[in-house]
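Here's the structure we're looking at; comments come further down.
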Amino acid sequence: DADIYVDGVDSGFNTPHQFVMNYGTSAVYTVQKTGYTFTPANFTVTNITSNQSQTFNGSILTFTVDITSVPTDADIFVNGTDSGFNTPHQFSMDYGSNAVYTVQKAGYTFAPTEFAVTNITANTGQNFVGTLLTFTVDITASITGVSIYVDGVDSGFDAPHQFVMNYGTSAVYSPLLAGYIFTPPSFTVTNIQANTAQHFTGDWIIVSVTPDSSEVTHEAGSVNLAIDCNSAWAVTEDVAWLSVAPMTGNNIGTITVTYEANPTTTDRTGHFTVTAGLVTVTVSIHQLGIVGNDDEVNVLVPMLSVYPNP
């Protein structure tokens with residue numbers, strides 16, 4: 001069904017067709033069909049003296065479709081099916097065919113959303129521009145004035161605040177307000193792929209030591225004290241004759257105060273502190289001095305004898 005041209009003029013006939021030529025005449029035959037090239041390009045008959053024939057072999061035209069993206073390495077889908085190729089890639093399409101190209105990459109949206117090629121008649125292409133997905137992290141707290149730290153650094157924002165994170169990133173959010181402890185103590189976001197949130201509940205830090213004062217003898221020894229706390233605590237002491245262990249702890253615990261012997265007859269008092277947040281408790285250890293012994297006093301009582309008096 002290719003159009004047949006004779007000496008460059010459309011004959012009005014399509015293949016297959018049989019032409020009649022007079023003896024000794026000449027003609028050049030070519031064929032044309034939209035979307036095809038033919039081999040040979042033409043058939044020349046010169047001074048015809050016998051019957052002739054020619055078969056023209058047609059090859060369908062193909063065109064290129066260049067698919068690129070920013071960023072690169074996006075998966076390319078053709079008519080909704082994964083092509084198995086990533087950007088950039090050049091596809092080949094037959095003349096007059098159709099296809100819809102889309103790209104996908106984790107964490108991105110692309111513009112345009114698709115590239116439709118309809119009845120292709122020329123080389124073409126499309127660059128898809130990706131936008132990194134972002135997600136929100138809403139941080140709230142039960143009290144006002146709470147500073148929010150991100151990965152250990154003050155973000156400059158107080159709760160409540162909404163942070164924006166890029167797809168696939170990670171961060172640790174921590175609340176801080178002097179004198180308070182929070183539950184949970186931190187919020188870890190790993191490889192974020194959806195909006196998320198965390199509410200921190202704050203409680204005033206409390207700490208007490210029982211007993212907070214003790215009286216001990218002049219001899220060396222130790223005493224155990226109970227700590228009741230709802231957070232981390234630390235001991236500070238600088239008295240030469242006593243020591244405390246452990247010096248730090250969390251929540252409820254016991255500390256042991258060890259003291260040296262008092263070599264004098266004078267009482268002495270040592271102090272140390274237990275601090276949690278903004279709360280500090282001072283603990284006192286009062287140690288007695290050596291008590292001296294009184295000299296023994298012997299009292300002689302004369303013996304009295306009584307005789308009868310006749």
Side-chain angles (χ1 to χ4, degrees), residues 139-159 172-188 198-299:
I139 301 298
T140 57
S142 61
I143 51 181
T144 59
V146 177
S147 299
I148 306 171
Y149 281 67
V150 181
D151 295 330
V153 178
D154 191 345
S155 68
F157 297 104
D158 290 349
V172 178
Y173 296 87
S174 305
L176 182 65
L177 181 61
Y180 284 84
I181 187 172
F182 291 90
T183 304
S186 64
F187 175 54
T188 299
Q198 179 63 56
H199 181 74
F200 292 97
T201 301
D203 292 303
W204 182 252
I205 294 175
I206 59 171
V207 60
S208 64
V209 180
T210 305
D212 59 6
S213 63
S214 300
E215 183 175 276
V216 297
T217 68
H218 71 280
E219 297 175 340
S222 63
V223 60
N224 292 329
L225 307 179
I227 293 182
D228 185 8
C229 185
N230 62 352
S231 72
W233 47 264
V235 174
T236 301
E237 54 92 354
D238 60 359
V239 180
W241 53 272
L242 62 79
S243 61
V244 181
M247 295 291 285
T248 60
N250 285 283
N251 303 321
I252 296 173
T254 300
I255 57 175
T256 299
V257 182
T258 302
Y259 46 88
E260 299 175 359
N262 186 351
T264 72
T265 58
T266 303
D267 293 359
R268 60 184 181 182
T269 302
H271 304 280
F272 64 89
T273 60
V274 178
T275 302
L278 298 180
V279 183
T280 297
V281 174
T282 299
V283 181
S284 301
I285 301 296
H286 182 77
Q287 187 177 35
L288 300 175
I290 297 174
V291 178
N293 293 327
D294 292 334
D295 293 331
E296 290 185 3
V297 178
N298 295 319
V299 178

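Remark: Leu288 CG to Thr265 OG1 distance equals 11.5 Å, nearest 0.5 Å. The line from CH2 of Trp233 to CG of Asp228 is 11.5 Å long, rounded to the nearest 0.5 Å. In this structure, Ile252 CD1 and Ile227 CD1 are separated by 11.0 Å, a value rounded to the nearest 0.5 Å. Atom OG of Ser231 and atom CG of Asn250 lie 7.5 Å apart (nearest 0.5 Å). Distance CD1/Ile290 to OG1/Thr217: 10.5 Å, rounded to 0.5 Å. His199 NE2 to Ile139 CD1: the interatomic distance, rounded to the nearest 0.5 Å, is 11.0 Å.
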Distance-only criterion, 3.5 Å: show the donor-acceptor pairs between side-chain atoms of residues 200-211 and protein atoms not counting sequence neighbours.
none

Side-chain donor-acceptor pairs under 3.5 Å in residues 174-184, sequence neighbours left out?
none

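Here the closest non-hydrogen pair linking Gly289 and Asn262 is CA-ND2, 3.6 Å. Closest of all the heavy-atom pairs between Gly270 and Trp241 is N-CZ2, 3.4 Å. Across Ser155 and Val150, no two heavy atoms sit closer than the pair CB-CG2, 3.9 Å. Across all non-hydrogen atoms, the minimal contact from Pro263 to Arg268 is CD-NH1, 4.2 Å. Between Ser222 and Thr256, the shortest heavy-atom contact is CB-CG2, 4.0 Å. Counting all heavy atoms, side chain and backbone alike, Gln287 lies closest to His218 at NE2-O, 3.4 Å.
Side chains of Thr269 and His271 form a contact here, defined as non-hydrogen atoms less than 4.5 Å apart. Residues Ser147 and Asp158 are in side-chain contact: their nearest non-hydrogen atoms beyond the backbone lie under 4.5 Å apart. Put simply, the side chain of Val274 reaches to within 4.5 Å of the side chain of Val235, judged on heavy atoms. Counting heavy atoms from C-beta on, the side chains of Ile255 and Phe272 come closer than 4.5 Å.
For CG of Asp238, the number of neighbouring non-hydrogen atoms (other residues, nucleotides, ligands) closer than 6.0 Å is 12 at most.
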Trace of the side chain to side chain contact (heavy atoms under 4.5 Å, CB included) decision for His286 with Ser213
CA-CA 8 Å; His286 182 77; Ser213 63; over 6 Å; no
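Between the side chain of Asp212 and the main chain of Val283, no donor-acceptor pair closer than 3.5 Å is present.
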